[in-house]
Amino acid sequence: MDVLVVDHPLAKARLSTMRDARTDSAAFRAALHELTVMLIYEATREAPVRTERIHTPVARTDAFRLANPPLLVPVLRAGLGMADQAHKLIPEAQMGFVGLARDEETLRPTPYMESLPDDLSDRPVFVLDPMLATGGSMEYTIRLLTGRGATDVTAICALAAPEGIKHLEDSGLPVRVVTASIDERLNDSGFIVPGLGDAGDRQYGAR
Ligand SMILES: O=P(O)(O)OC[C@H]1O[C@H](OP(=O)(O)OP(=O)(O)O)[C@H](O)[C@@H]1O
Ligand SMILES: O=c1cc[nH]c(=O)[nH]1
Ligand SMILES: [Mg+2]
């Protein structure tokens, strides 16, 4: 499985703001917005482009656009904090939605929302979720997508645990991961260590 760790100093700085327990919700959301721009920028580095001829005020030249814009899929709640910034960078992208809440005891995802196009066979998909912990929520989401024909999925995560990366690798699903950090481990409650806490709560308040 292809894993890209975006360890640019500016990405590290935004992630550090998110990790800091003193960061309030507004500043946490702002840092996640800015980090998302960097993750999407790197995730699209090798994306195929189509060219067309245009006129500048001076001469004719080639213009470039994404040949096949990805479907963006934020995983609610926490992934909502990445959706607008990803959409700003790729305004032509369509967006789908998945809502999941992890059960605190079993750590299994409980689905409560799904809004996706029927046929995903011909286009890449970017799943937006700041946290890849056990990997259960990401696996669930990717299975929804592959069930609709997706074969090219990118998980865009602020943070990942080694356990989540391994879980996805073992699943054999067609996914690559783009993240700003692979942290040390999960604790007994399934939280990433050192992590940043609950990414949904830190943006929107405790459920
Ligand atoms: O890899 P996993 O072990 O499945 O954990 C990761 C999931 O946990 C968080 O969501 P949560 O269930 O807390 O919901 P929320 O976004 O509404 O807070 C996070 O945003 C992921 O979706
Ligand atoms: O550390 C974690 C693990 C799962 N979900 C979160 O929001 N944070
Ligand atoms: Mg949460």
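Atoms within each ligand, like the ligands themselves, are counted from 1 in listed order.
Those atoms of ligand 1 that come under 4.0 Å of a heavy atom in Arg102, given as number and element, are 2 (P), 3 (O), 4 (O), 5 (O), 12 (O). Close approach of ligand 1 to Met131 is summarised as follows: ligand atoms under 4.0 Å from at least one heavy atom of the residue are 6 (C), 19 (C), 21 (C). Less than 4.0 angstrom separates some heavy atom of Ile192 from each of these atoms of ligand 2: 1 (O), 2 (C). Interface atoms of ligand 1 facing Gly200, defined by a heavy-atom separation under 4.0 Å, are 18 (O). Interface of Ala199 with ligand 2, defined as ligand atoms under 4.0 Å from a residue heavy atom, comprises 6 (C), 7 (O). In summary, the atoms of ligand 1 found under 4.0 Å from a heavy atom of Asp198, numbered by their order in the structure, are 13 (O), 18 (O). If you number the atoms of ligand 1 from 1 as listed, the ones under 4.0 Å from a heavy atom of Leu100 come out as 14 (O).
Of all protein heavy atoms, the one closest to atom 7 (C) of ligand 1 is Ser137 OG, 3.5 Å. Summary of contacts: the protein heavy atom closest to atom 16 (O) of ligand 1 is Ala78 N, 2.9 Å. The protein heavy atom nearest to atom 18 (O) of ligand 1 is Arg77 NH2, 3.0 Å. The nearest protein atom to atom 19 (C) of ligand 1, hydrogens excluded, is given as Asp129 OD1, 3.4 Å; this is a heavy-atom distance.
Residues Thr151 and Ser121 approach most closely at OG1-O, 4.5 Å, considering heavy atoms. Pro70 and Ala93 get closest at one heavy-atom pair: O-CB, 3.3 Å. Of all heavy-atom pairs between Ala86 and Ile40, the closest is CB-CD1, 3.8 Å. The two residues Asp20 and Arg22 make their nearest non-hydrogen contact at OD2-NH2, 2.7 Å.
With a 4.5 Å cut-off on side-chain heavy atoms, Met82 and Pro74 do not count as touching.
Judged by the shortest distance from any of its heavy atoms, Glu139 lies outside the 4.0 Å radius around the atoms of ligand 1. The shortest separation from a heavy atom of Arg102 to ligand 2 is under 4.0 Å, placing the residue in contact. At a 4.0 Å cut-off, at least one heavy atom of Gly135 sits close enough to ligand 1 to count as contact. Using a 4.0 angstrom heavy-atom cutoff, Gly190 counts as in contact with ligand 2.
Inside a 4.0 Å radius of atom 10 (O) of ligand 1 there is not any protein heavy atom.
Using a 4.0 Å cut-off between heavy atoms, Arg207 contacts ligand 1 through its side chain alone, with no backbone atom that close. Counting heavy atoms closer than 4.0 Å to ligand 1, residue Ala101 contributes backbone atoms (N, CA, C, O) but none from C-beta onward.
Taking the charged nitrogens against the carboxylate oxygens, Glu169 and Lys166 have no contact shorter than 4.0 Å, which rules out a salt bridge. Using a 4.0 Å cut-off between charged nitrogen and carboxylate oxygen, Asp62 and Arg53 count as a salt-bridge pair. Looking at Arg50 and Glu92, no side-chain N of the basic residue comes within less than 4.0 Å of a carboxylate O on the acidic one, giving no salt bridge.
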Step by step, would you call Val6 with Tyr41 a side-chain contact (heavy atoms from CB on, under 4.5 Å)? CA-CA 10 Å; Val6 180; Tyr41 184 82; over 6 Å; no
With side-chain contact (heavy atoms from CB on, under 4.5 Å) as the criterion, how do Met131 and Ser137 come out once you've worked through the C-alpha distance, each side chain's angles and the decisive distance to 0.1 Å? CA-CA 9 Å; Met131 309 305 276; Ser137 301; over 6 Å; no
Could you go through Val127 and Thr154, starting from their C-alpha distance and side-chain angles, then the distance that decides it, and tell me whether this counts as side-chain contact (heavy atoms from CB on, under 4.5 Å)? CA-CA 6 Å; Val127 180; Thr154 302; over 6 Å; no
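The side-chain hydrogen bond (donor to acceptor under 3.5 Å, both in side chains) test with Glu34 singles out one residue from Arg14, Gln85, Arg29, and that residue is Arg14.
For the pair Arg102 and Phe191, the distance from NZ or CZ to the six-membered ring centre is under 6.0 Å and the angle to the ring normal is within 45 degrees.
Of the options Gly197, Gly195, Pro194, Ala133, the smallest heavy-atom separation from atom 8 (N) of ligand 2 is shown by Gly197.
Considering both main-chain and side-chain atoms, Thr134 comes within under 3.5 Å of ligand 1 through a nitrogen or oxygen pair.
Residue Asp198 counts as close to the Mg ion (ligand 3), with an N, O or S atom under 2.8 Å.
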